[in-house]
Amino acid sequence: MKLVTAVIKPHKWEDVREALETFGVAGMTVSEVSGYGRQKGHTEVYRGAEYDIALVPKIRIEIVTDDADADDVVGIIVKTAQTGRIGDGKVWVSPVDTVVRVRTGEQDASAL
Amino acid sequence: MKLVTAVIKPHKWEDVREALETFGVAGMTVSEVSGYGRQKGHTEVYRGAEYDIALVPKIRIEIVTDDADADDVVGIIVKTAQTGRIGDGKVWVSPVDTVVRVRTGEQDASAL
Amino acid sequence: MKLVTAVIKPHKWEDVREALETFGVAGMTVSEVSGYGRQKGHTEVYRGAEYDIALVPKIRIEIVTDDADADDVVGIIVKTAQTGRIGDGKVWVSPVDTVVRVRTGEQDASAL
Amino acid sequence: MDGYYAFMLVATAFVLMMTVPALALFYGGMSRSKSVLNMMMMSFIAAAIVGILYVAVGWSMGFGGEGTFFANPFELFWLDGVTTDNYIYVMFQMTFAIITAALISGAVADRLKFSAWVVFLPLWAIIVYFPMAHMVFGCTDDSLICGRIGAQDYAGGTAVHINAGVAALVLVVLLGKRIGWPKDQMRPHNLTLTMLGAGMLWLGWYGFNVGSIVFGTTFDEDPDAFLAQFYSETGRTFANTTLATFAAILGWLLIERLLHGKATSLGAASGIVAGLVAITPAAGAVDIGGAVAIGAIAGAVCAWAVSLKYRLGYDDSLDVVGVHLVGGIIGTILIGLFSTSSGAGGIDGLFYGGGLGSLGDQTLGVLVAVAYSGILTAVIALAIKYTIGLRLDEEDEVNGIDLAEHGETAYDLHSGSSGGGSSLLAASTSTSSEGVKA
Amino acid sequence: MDGYYAFMLVATAFVLMMTVPALALFYGGMSRSKSVLNMMMMSFIAAAIVGILYVAVGWSMGFGGEGTFFANPFELFWLDGVTTDNYIYVMFQMTFAIITAALISGAVADRLKFSAWVVFLPLWAIIVYFPMAHMVFGCTDDSLICGRIGAQDYAGGTAVHINAGVAALVLVVLLGKRIGWPKDQMRPHNLTLTMLGAGMLWLGWYGFNVGSIVFGTTFDEDPDAFLAQFYSETGRTFANTTLATFAAILGWLLIERLLHGKATSLGAASGIVAGLVAITPAAGAVDIGGAVAIGAIAGAVCAWAVSLKYRLGYDDSLDVVGVHLVGGIIGTILIGLFSTSSGAGGIDGLFYGGGLGSLGDQTLGVLVAVAYSGILTAVIALAIKYTIGLRLDEEDEVNGIDLAEHGETAYDLHSGSSGGGSSLLAASTSTSSEGVKA
Amino acid sequence: MDGYYAFMLVATAFVLMMTVPALALFYGGMSRSKSVLNMMMMSFIAAAIVGILYVAVGWSMGFGGEGTFFANPFELFWLDGVTTDNYIYVMFQMTFAIITAALISGAVADRLKFSAWVVFLPLWAIIVYFPMAHMVFGCTDDSLICGRIGAQDYAGGTAVHINAGVAALVLVVLLGKRIGWPKDQMRPHNLTLTMLGAGMLWLGWYGFNVGSIVFGTTFDEDPDAFLAQFYSETGRTFANTTLATFAAILGWLLIERLLHGKATSLGAASGIVAGLVAITPAAGAVDIGGAVAIGAIAGAVCAWAVSLKYRLGYDDSLDVVGVHLVGGIIGTILIGLFSTSSGAGGIDGLFYGGGLGSLGDQTLGVLVAVAYSGILTAVIALAIKYTIGLRLDEEDEVNGIDLAEHGETAYDLHSGSSGGGSSLLAASTSTSSEGVKA
Ligand SMILES: Nc1ncnc2c1ncn2[C@@H]1O[C@H](COP(=O)(O)OP(=O)(O)O)[C@@H](O)[C@H]1O
Ligand SMILES: Nc1ncnc2c1ncn2[C@@H]1O[C@H](COP(=O)(O)OP(=O)(O)O)[C@@H](O)[C@H]1O
Ligand SMILES: Nc1ncnc2c1ncn2[C@@H]1O[C@H](COP(=O)(O)OP(=O)(O)O)[C@@H](O)[C@H]1O
């Protein structure tokens, strides 16, 4: 099994979710995170004090998949989340020994 | 070493924590995440506009353990977090090369 | 490739970020998490009812790096985040098959 | 007297504001984020239902004539025969009925079906509050508490606070504890709202207490006496209301500090309300020394009383019993000690050489209020429990009553790290639906 | 009359409070967390700009003498010739100008350039509001709505609510929909603010309606008649304002329950405003029965009307049209049915045996208001659109107008799990800058 | 005069509301989420402590007779000899004492031990404020600022704002900077609270300024003159208070726009306060032109002055110095230029042909206030510093003063993505304890 982790721009999340659903991904886990990288943040002003906010909001998606599907999933995410502008994010794949569905105790493929 | 990642229903978190503590898990890292899957969300209404909220709140637990304990940890989580209703969540295990305790620099087993 | 995951004390995050930047880490993904472990939480009182809060706020940092840099990155984090007091956190390294830059589709080393 | 009248216009608006939004905020802030809207709604709907009902029969039952418990509901039905230049006095009394009913809601947080509340309100107003208002405010020789017993109650220690407190206690006993109480954490979700609410309640309370002046003569009969009373009595009630509240804040924080080691902001907000509750019946009867004493005692005792529920095991969620019942009793009884003949009632209490007479009357008044409200509230609550039911479905309670009963959640704020506050997941989720359906 | 005067001091402060902060909170809570500050700012800046302008020419245009549409702007320029003992009446009218302009802002949430709003305000005040105020409030024989047509409008159903509602409609049509509307979720970010705002608006509305009394005689001419009117008419307007609002809350929640299965807190808050809007023109004309009817109808109809925008496809973001235009029309027209000769206007409506005359006048008044405001607002908005432009840059809209236009974000709260609330990422980020630059 | 009296009842309630909850919200919103409760508590406790103390000796020291600096504290100790029909004037003055002390708290955010604040309050009230109130408000021939110097100060530019501003400056110098200041981000955690607070302060300020009228005759001596002054002077002060605030909003936003490119909502809220501060001493002395000028100048200058602390390196956390000291000085001094003989003081300023006399008196008044408050506040603060200490423990400051001093955290909201708002981690944590201990 593989774990595909994607960090993307918030407003792209919805398209990614739809694309993955169409492809057949049955579930995923999502969280709000902050990104630091080439994309620069913004400046805020409060009573004349200027603050540079370096972090930018991102959406982090975790998908456990079969080895077979991993590349497709990555491809779909990259295709859908791409805007071409700095800060589009990263996707990485890492190995998973096993995954279990809590409700049933089913393992691996049948757990997804 | 192994990393056990569990995504469970929020109201089960406490039981899981207690079960793991009893088993001897000394620490873990937890975060609030949103889940997407078979379990459907809910509908909200604001001035006649109905919104379907697809995501459901989940708790994400990360536990680094010895290879030996990994299966037990998974078993305990599955047993404790199980309600039998859709949305109970997933648990997956992935390999970890090494883990370090920041305070002391101790590595692996002794870092936990 | 490797994924370095660090869980540290919130007020140390900034120093860690600076140290990593100096070392040459171009980006990272950060999130607010809650930690459970040896470090104990605190007590709150509301109208005479005392609540023990077991979880402590932590910052979780994820960095995908070349295999070569992984150890240095871990070293830097441990060195910078260390206060010597309980609760300094953990850092763990896990294998990554591949990482892609969404904007360009570049892979691995060139994706960072 | 147009000055007095002008004040009544403002005072009435103030007291209505005490329920919407002040009490709603005070209670809402103490609720959990998944039930704050329902808590606020209980106050808002109380205003609408009780308010209209008051104009229909409430005024008539309270002020429509003789009666030990209440006057003829149809004498002045729908203000028939009441001239518009008297409307403001009707409105003023109406706001008391509204807030008394709304006060109860704090006890039943998170678990009372909204439909049950909507049915409870009119029944309780007609069967419990309107009569109680006659017994205390619609003072005729035969009205029970004010007339027959002759207990002093300037602005509603019995009719408002003891009444609401007892009703709350009865209701929670029949309703049962919240799932997880007291084991789970049920801490206030937003204390800034609670402190705001406390502050607004305090402001409104000046309308509540100072506006409760009853004149010994009409302006036309004797303008000078009328105005003299206006100046001297409102000065007294304003000062007493203020000083008792100050003392109660200090009293509460002191006890908290002693019992739990910390003086809390929730304690300060609670002390404000405890002090205002206790001085409500006594505002006209005591001097500033008595006001400080009553406030300090109420603050200190209530700070301790709010823990009783854990010992006795009733889930009075936001401490309506601990603050309003206990505070109301303290204020009403202490009049028996601190009342001064120089005050509005012209009665000397025990400490002012008046003997035990007043203390007895006050105690009797309290007992009547407790008994009347307790028994009849129980009847109403039981009737609802065994018909449409009181309690929310278990899973709905866990997921939050706001969502279950109102289809809403209070906040969509996104985490602190979300920079520009872009809507992130919250926003996207909706698109994951077929979007908005309207 | 110093009682009346004292009331006007408070009433004027109340109405100003309706805009800052009440309306700002009511609207702000319904906005998204990335645009709440801009929404509130639109009210704050409206007060400053329209307020100063009113003193300059507004009072003169409205009350400076004869005129079908407006009086000579320079007659009383900068209150020249107005004695300070009349200032309070100027201030009172000024607060009406302010809130009317501010009401419009709810429609243009998230996307109107702040600069465009700052330019729109003075133009709209001078070209649309000040004349409308003359036509309705600055009542001379030849002032259009009040004088020539003779339509009743006690406190501004036409001049305030219909006026603002029409302007809002025109503005959003020219401004266009928000990116993602109606597909994306654009839910209120903080309903506690909205409920607080609704409550404060309600309080302020007593200044708005009750303070709008116009005397048939001066105090000096006939003190008794003056005071008699003060007591009887303010009693009526206070009661009507209150009861209509109660009824509107129930009306709104009932329809919501029927259409969507749930009675919501936003519905209760909206019902409050809908009821207050509808009773505004009718407060003096109807009896309490009429007030309840008008409130109930307004609440019910508006609850349905707020969904129109989805059918017709205009993005009236916070329902200024659905609540203020619709509510204003309902209240103004229904006077034709419920007006009673015992009321302030002395006119009987259809249901009170007065025939269709009043209904006709009211309808005509509405049409004039709609036409005048619609046409001239369009002219102003188009002028701005084709010069400095109305619309915010796309990316700025997505990231949030608060950040783009004001360089701020409303909240820095950190997640519930952050225990002691230590600043976490938010705090550290700034250090990642060269720290504070000042 | 019952109209005037009725207004004073409301005005006094308004000014108390300025501290609880208005100022608490205004400051609280600007604090960080880990210290908002402590910030609000500082205002709440100031009301309780200073309030009771004022009744004990404050009124007597201020209004109990002759004295350059203060009158005999025991002359009217605990209002002995004050009839209840004069209580409202005592209460009104008391609210001034309360808010002046509370204003100081904004400067010491996040790091002042609560115990130190509790000790500072009574000492500062007795040693600094009560005398200052005598010098300015308790005007006798020999009272320093009002009598001997003859400086005009209508509602407290010197006694309230300069006094609090100087005390704040002294305190922060002795207290030291917050850990991480100015490098770390210390941004307002909830600007909606700040804007709400600013709006409520504005409302209350009408009680503050308009209620500060001092009559040239008693009503009984000359009713007509009394009422004529009531109408004309309150009209002036109301209008001036309003217009100066409008102008200050615009002035602040303009400077902000020029210096930092953006007009912010915090700027608008700050401008409101700056304008109100500056017009406080001048409300009765100037005409509406002067009011606009003073407001605009104060808004503009304060917008710049709040950055001084970064240059000079004192951590005046919420800009008590930049807004109240600077604004107070501007308003007090500018009276020397804009005062008009048609105003309450009957004095012409420089621009009104009155020469430099007034300007000199005003300047002298400011210097005396600065010196008196500065020196004595320093003595008090040093005494505390070297006894119980002023500063919170380092780790407590980092974790948050709310937790350390009050054992509370303000919010338990859970992230926007948590759907039904189910309590998630926050809830579970408590169970991880042995549950609630009470
Ligand atoms: N080495 C990394 N490890 C983990 N996450 C990273 C890494 N580099 C970048 N990211 C994430 O990817 C996001 C986009 O990266 P950035 O450098 O800003 O733009 P781009 O990927 O287009 O070059 C960052 O905000 C961060 O969340
Ligand atoms: N492929 C996946 N990868 C990561 N997380 C998943 C995946 N599928 C489901 N989840 C997580 O598990 C939760 C429960 O899954 P769901 O399909 O709703 O119910 P069940 O697991 O009982 O079939 C989801 O809310 C999501 O957080
Ligand atoms: N086995 C584990 N797996 C994942 N995270 C852990 C584990 N043990 C500890 N942590 C994280 O590290 C943090 C610090 O651990 P703790 O035991 O409190 O102190 P220390 O690491 O100094 O001994 C915890 O708050 C938790 O977030």
Side-chain angles (χ1 to χ4, degrees), chain D residues 1-6 9-10 12-13 16-17 20-22 24-25 28 36-38 40-41 44-45 47-49 51-52 55 78-79 83-88 90-91 114 190 193 196 405-408 410-417 419-423 426-427 429-431 435-436 438, chain E residues 1-4 6-7 10 32-34 182-185 187 189-192 195-196 198-200 202-203 206 210 227-228 230-232 234-236 238-239 242-243 246-247 249-250 260 262-266 268 288 292 307 310 398-400 402-403 409-415 424-426:
Chain D
M1 67 161 276
D2 62 325
Y4 160 66
Y5 185 87
L9 288 173
V10 178
T12 307
L16 183 59
M17 176 273 284
V20 177
L25 292 163
V36 50
L37 297 178
N38 170 259
M40 296 183 81
M41 271 298 267
F44 278 57
I45 198 76
I49 292 176
I52 287 180
V55 170
W78 198 250
L79 305 191
T83 55
T84 62
D85 53 5
N86 283 307
Y87 273 12
I88 197 65
V90 177
M91 289 289 119
F114 190 63
N190 187 343
L193 288 188
L196 163 60
E405 292 290 74
H406 309 293
E408 304 173 291
Y411 305 100
D412 179 12
L413 293 169
H414 327 307
S415 75
S417 57
S422 55
S423 281
T429 49
S430 85
T431 333
V436 176
Chain E
M1 67 164 274
D2 63 325
Y4 160 66
F7 177 70
V10 178
R32 288 181 288 180
S33 59
K34 64 180 177 179
K183 182 159 168 295
D184 289 356
Q185 181 188 50
R187 54 155 291 182
H189 88 284
N190 187 344
L191 284 172
T192 63
M195 296 182 88
L196 163 59
M200 293 183 85
W202 195 349
L203 174 65
Y206 288 108
V210 179
L227 292 177
F230 179 47
Y231 301 143
S232 60
T234 56
R236 175 189 295 275
F238 193 107
T242 309
L243 291 167
F246 291 152
I249 294 171
L250 298 178
H260 309 288
K262 297 258 166 77
T264 71
S265 62
L266 179 56
I288 56 177
V292 169
S307 296
Y310 298 110
V398 169
N399 293 334
D402 285 357
L403 205 51
T409 52
Y411 305 100
D412 179 13
L413 293 169
H414 327 307
S415 76
L424 296 182
L425 296 171

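Because the structure is a prediction, the values reported are computed rather than measured. Just so it is clear: chains get the letters A, B, ... in the order the sequence lines come, proteins before strands, and each one is counted from 1.
Under the ring-ring contact (aromatic ring centres under 6.0 Å, His included) criterion, E:Phe246 pairs with E:Trp202, sequence neighbours left out. Every ring-ring contact (aromatic ring centres under 6.0 Å, His included) that E:Tyr4 has, sequence neighbours left out, goes to E:Phe215, E:Phe226, E:Phe230.
D:Leu16 is listed as a side-chain neighbour of E:Tyr206, based on a closest heavy-atom distance under 4.5 Å. Residues D:Glu405 and E:Lys262 form no side-chain contact, since every pair of their non-hydrogen atoms from C-beta on lies 4.5 Å or further apart. Contact annotation: the side chain of D:Asn86 never approaches that of E:Tyr231 to less than 4.5 Å [non-hydrogen atoms, C-beta and beyond]. Contact check for E:Leu266 versus D:Glu408: side-chain heavy atoms found under the 4.5 Å cut-off.
Of the two parts of D:Met91, only the side chain, counted from C-beta on, holds a non-hydrogen atom closer than 4.5 Å to a non-hydrogen atom of chain E. Heavy atoms closer than 4.5 Å to chain E are found in both the backbone and the side chain of D:Leu9. Looking at D:Val36, the atoms closer than 4.5 Å to chain E (heavy atoms on both sides) all sit in the side chain, from C-beta outward. Proximity to chain D is limited to the side chain of E:Ile249, based on heavy atoms less than 4.5 angstrom apart. Within the 4.5 angstrom heavy-atom criterion, atoms from both the backbone and the side chain of E:Thr234 approach chain D. Of the atoms belonging to D:Ala24, not a single heavy atom falls under 4.5 Å from chain E.
Between chain D and the residues E:Ile288, E:Leu243, E:Asp402, the largest count of heavy-atom pairs under 4.5 Å involves E:Ile288. Interface summary for chain E: among D:Ala22, D:Gly28, D:Ala410, the most heavy-atom pairs under 4.5 angstrom belong to D:Ala410. Interface summary for chain E: among D:Asp2, D:Ile49, D:Asp85, D:Ile52, the most heavy-atom pairs under 4.5 angstrom belong to D:Asp2. Ranking E:Gly235, E:Ala268, E:Ala247 against chain D, the residue ahead of the rest is E:Gly235, based on heavy-atom pairs under 4.5 Å. Of all the listed residues (E:Ala239, E:Ala263, E:Ser232), the one sharing the greatest number of non-hydrogen pairs under 4.5 Å with chain D is E:Ser232.
Aromatic pair E:His189/D:Tyr411: ring centres not closer than 6.0 Å.
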| query | What do the steps show when you test E:Ser265 against D:Met40 for side chain to side chain contact (heavy atoms under 4.5 Å, CB included), and what is the final call? | reply | CA-CA 8 Å; E:Ser265 62; D:Met40 296 183 81; over 6 Å; no
